[in-house]
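Encoded as structure tokens, the structure appears first; notes follow it.
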Amino acid sequence: LDPGEHGLRFQRPDDSQVVALWAEQKATWLLRAEGQSDTAEVLGRDGSDITPAGLSDGAELTLDPDDGPIYLVGDIGVTSVQ
């Protein structure tokens with residue numbers, strides 16, 4: 001992640017993971033579901049489903065500082081977009 005962007009990974013007892021993702025400024029990330037993409041989802045800070053269409057092929061998501069954190073549930077790769 002770029003400076004000012006933060007991620008914190010949590011490991012669940014069933015070995016699945018959840019990543020909390022947020023930024024200090026407006027940030028755009030490329031998210032891509034890996035492995036079993038049907039179990040991957042993106043949740044807003046209030047728990048609402050904000051999974052972008054095309055997550056298995058790679059989808060961009062832009063987040064303003066007041067929008068985060070968001071939660072990546074399942075095996076989702078994250079790359080900063082500049």
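In terms of the side chain to side chain donor-acceptor pair (under 3.5 Å) criterion, residue partners of D14 (sequence neighbours excluded) are, by chain and number, S16. Residues passing the side chain to side chain contact (heavy atoms under 4.5 Å, CB included) test with T79 are L30, sequence neighbours excluded. D46 pairs by the side chain to side chain contact (heavy atoms under 4.5 Å, CB included) definition with S48, not counting sequence neighbours. Residues satisfying the side chain to side chain donor-acceptor pair (under 3.5 Å) criterion with D57, sequence neighbours excluded, are absent altogether. Judged as a side chain to side chain donor-acceptor pair (under 3.5 Å), and not counting sequence neighbours, the contacts of E24 are H6.
In terms of modelled atom types and a separation under 3.5 Å, the side chain of S80 and the main chain of W29 share no donor-acceptor contact.
Taking the side chain as every heavy atom from C-beta outward, L31 and V78 approach each other to under 4.5 Å.
In terms of heavy atoms, P52 sits closest to V42 at CD-CG2, 3.9 Å. The nearest pair of heavy atoms linking I76 to A40 is CG1-CB, 3.7 Å. Listed here is the closest heavy atom pair of D15 and Q11: O-NE2, 2.7 Å. Between E41 and D49, the shortest heavy-atom contact is OE1-OD2, 4.2 Å.
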N/O donor-acceptor pairs under 3.5 Å from side chains in residues 60-74, not counting sequence neighbours:
{"from": "T62", "atom 1": "OG1", "to": "T28", "atom 2": "OG1", "distance (Å)": "2.8"}
{"from": "D67", "atom 1": "OD2", "to": "D64", "atom 2": "N", "distance (Å)": "3.2"}

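One distance of note links CG of D75 with CZ of R32; it measures 12.5 Å at 0.5 Å rounding.
In terms of hydrophobic clustering, with Ile, Leu, Val, Met, Phe, Trp and Tyr side chains grouped at heavy-atom distances under 4.5 Å, V19 and L1 are assigned to a common cluster.
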